[in-house]
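The next block holds one structure in the form of structure tokens; read it before the comments.
As a basis for the values below, the full set of heavy atoms in this structure was taken, side chains included, without hydrogen atoms, waters or symmetry mates.
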Amino acid sequence: MTEKIYTTKKNGMLALILTLCLLVCSVAMFVFGIVSEAYVCMGAGIVILVIGWIPFCGLRVLKPQEALVLTLFGKYKGSLREEGFYFVNPFCSSVNPAAGTKLAQSGDTTENNGLAGLAIASVANAAVAAAGENGISGKKISLKAMTLNNGRQKINDCLGNPVEIGIAVIWRVTDTAKAVFNVDNYKEYLSLQCDSALRNIVRIYPYDVASGVDTTGDGIADEGSLRGSAEVVAERIKNEIQSKVEDAGLEIIEARITYLAYAPEIAAVMLQRQQASAIIDARKMIVDGAVGMVEMALERLNEKALVELDEERKAAMVSNLLVVLCGNHDAQPVVNSGSLY
């Protein structure tokens, strides 16, 4: 199904004025028929009054970035995409199967103001309601960019660790015919495809950098991770969703990771692991610095020839300096007032 623009001019105002004039004339004919006992004129006035509301059903008002899909007795006739006051075939009905769907996304509220805002449009809305097509504005399809936040999901990464992740997807409708007729409900379809794409991509990456993991599929281990490669992961999620919703006439503008953390059942253990790794890295730095300082101290003592130390005393001094420099607590020196030997 391919979208086609409904070929009609924005002549809603003209149609409204002509219809109102026709109804006024029918009332005048009815009154004239009663006064002059012209039953033919009176009957014609009654007939016009009975069917005179039908043209009101063809009035449509569109605001910017809105569209309306029209069908005539089940056949797709076209879509209105530009703002304006239209008059279409009164027997055309508006179709939007996702009109009543409520998801956690922007722009997902049903407008109940009908065609209010203009006095003449409110008259048309009353006529449409009488014809049985209530809530025309609820059938409209928004062409604006909207944000879908599907909430957090618990997914296992490539190492089997459960992580909680949430994404926000910015999307819009590009083909109204595909969105309405190719899928049953394009909003629910998009939500399910977002869940599926998120799982497909997250299971490729580890939460943090891990050795021997290939995230690109080229057979070479790399340093990709959910925490460190958020931009790359979001781009892959976007492309994955776009490939799934192309047939639904939707465009994925952007996808962003909004929440990322270990699942609660392993969060404490993984935190201890990260703390242990940080402590080890810090200790390595402290030891490297302490060894450098001891080496510098021995070189300065030899250069200045301040004291002659044998190998045993050098070892003792090195041991004492390392204990002082690498200890967790402040040193408590012991002063020796006697001979070194």
Side-chain angles (χ1 to χ4, degrees), residues 1 97-98 101-108 142 144-176 178-267 269-271 273-274:
M1 182 67 70
T101 303
K102 301 296 180 183
L103 299 177
Q105 64 182 24
S106 62
D108 214 2
S142 176
K144 303 174 184 177
M146 293 184 285
T147 303
L148 171 65
N149 187 356
N150 253 13
R152 303 172 186 175
Q153 295 187 61
K154 185 183 294 185
I155 307 172
N156 291 338
D157 65 1
C158 69
L159 301 179
N161 298 321
V163 298
E164 288 187 348
I165 185 170
I167 61 170
V169 178
I170 301 175
W171 65 282
R172 64 185 172 194
V173 177
T174 56
D175 192 310
T176 57
K178 289 183 179 180
V180 171
F181 298 112
N182 283 9
V183 294
D184 183 59
N185 188 316
Y186 64 88
K187 290 183 181 179
E188 293 181 354
Y189 182 79
L190 173 64
S191 178
L192 292 175
Q193 294 301 331
C194 287
D195 293 343
S196 176
L198 183 61
R199 291 183 178 276
N200 290 340
I201 300 301
V202 169
R203 64 181 179 83
I204 300 175
Y205 289 85
Y207 179 86
D208 217 337
V209 177
S211 59
V213 177
D214 174 25
T215 62
T216 59
D218 57 1
I220 302 176
D222 52 67
E223 296 184 352
S225 66
L226 295 174
R227 191 168 66 93
S229 308
E231 295 292 332
V232 177
V233 175
E235 185 65 23
R236 293 188 67 175
I237 293 174
K238 170 194 169 184
N239 296 334
E240 179 79 7
I241 300 174
Q242 182 63 66
S243 65
K244 300 296 183 182
V245 301
E246 189 72 31
D247 291 338
L250 307 179
E251 178 189 2
I252 307 301
I253 301 174
E254 188 179 10
R256 281 287 177 264
I257 296 176
T258 57
Y259 181 84
L260 179 63
Y262 281 112
E265 57 266 26
I266 67 166
V269 176
M270 299 308 292
L271 179 60
R273 177 183 174 183
Q274 292 176 352

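Across all non-hydrogen atoms, the minimal contact from Cys194 to Ile167 is O-CD1, 4.4 Å. When every heavy atom of Gly224 is checked against every heavy atom of Ser229, the shortest pair comes out as CA-OG, 3.6 Å. The two residues Ala98 and Lys187 have their closest heavy-atom pair at O-NZ, 3.7 Å.
Among Val213, Val202, Ile204, the single residue meeting the side chain to side chain contact (heavy atoms under 4.5 Å, CB included) criterion with Cys158 is Val213.
Rounding to the nearest 0.5 Å gives a distance of 15.5 Å between NZ of Lys144 and CD1 of Ile170. Atom OG of Ser211 sits about 11.5 Å away from atom CG of Asp222, to the nearest 0.5 Å.
More than 12 heavy-atom neighbours from other residues, nucleotides or ligands sit within 6.0 angstrom of CG on Asp218. Within 6.0 Å of CD on Glu223 lie no more than 12 heavy atoms contributed by other residues, nucleotides or ligands.
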For residues 244-252, which side-chain N or O atoms pair as donor and acceptor with protein atoms under 3.5 Å away, sequence neighbours left out?
| from | atom 1 | to | atom 2 | distance (Å) |
| --- | --- | --- | --- | --- |
| Glu246 | OE1 | Gln242 | NE2 | 2.9 |
| Glu251 | OE1 | Arg172 | NE | 2.9 |
| Glu251 | OE1 | Arg172 | NH2 | 3.2 |

For this session: Begin from the C-alpha positions of Ile241 and Leu198 and carry the test side-chain contact (heavy atoms from CB on, under 4.5 Å) through to its verdict.
Result: CA-CA 8 Å; Ile241 300 174; Leu198 183 61; over 6 Å; no
For this session: Report the C-alpha separation of Tyr207 and Asn161 in whole Å, then their side-chain angles, then the decisive distance to 0.1 Å, and conclude whether the side-chain contact (heavy atoms from CB on, under 4.5 Å) test is met.
Result: CA-CA 8 Å; Tyr207 179 86; Asn161 298 321; 5.7 Å; no
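Contact check for Ser225 versus Thr215: no side-chain heavy atoms found under the 4.5 Å cut-off. Using a 4.5 Å cut-off on side-chain heavy atoms (C-beta onward), Ser142 and Val173 make no contact. Using a 4.5 Å heavy-atom cutoff, the side chains of Thr147 and Val169 are not in contact.
Between Glu231 and Arg256, at least one side-chain nitrogen of the basic residue sits less than 4.0 Å from a carboxylate oxygen of the acidic one, meeting the salt-bridge criterion.
Taking Ser243 as the reference, nothing meets the side-chain contact (heavy atoms from CB on, under 4.5 Å) condition, with sequence neighbours excluded.
Between Tyr186 and Trp171, the ring planes lie perpendicular to each other; the angle is over 60°, past the 30° to 60° tilted range.
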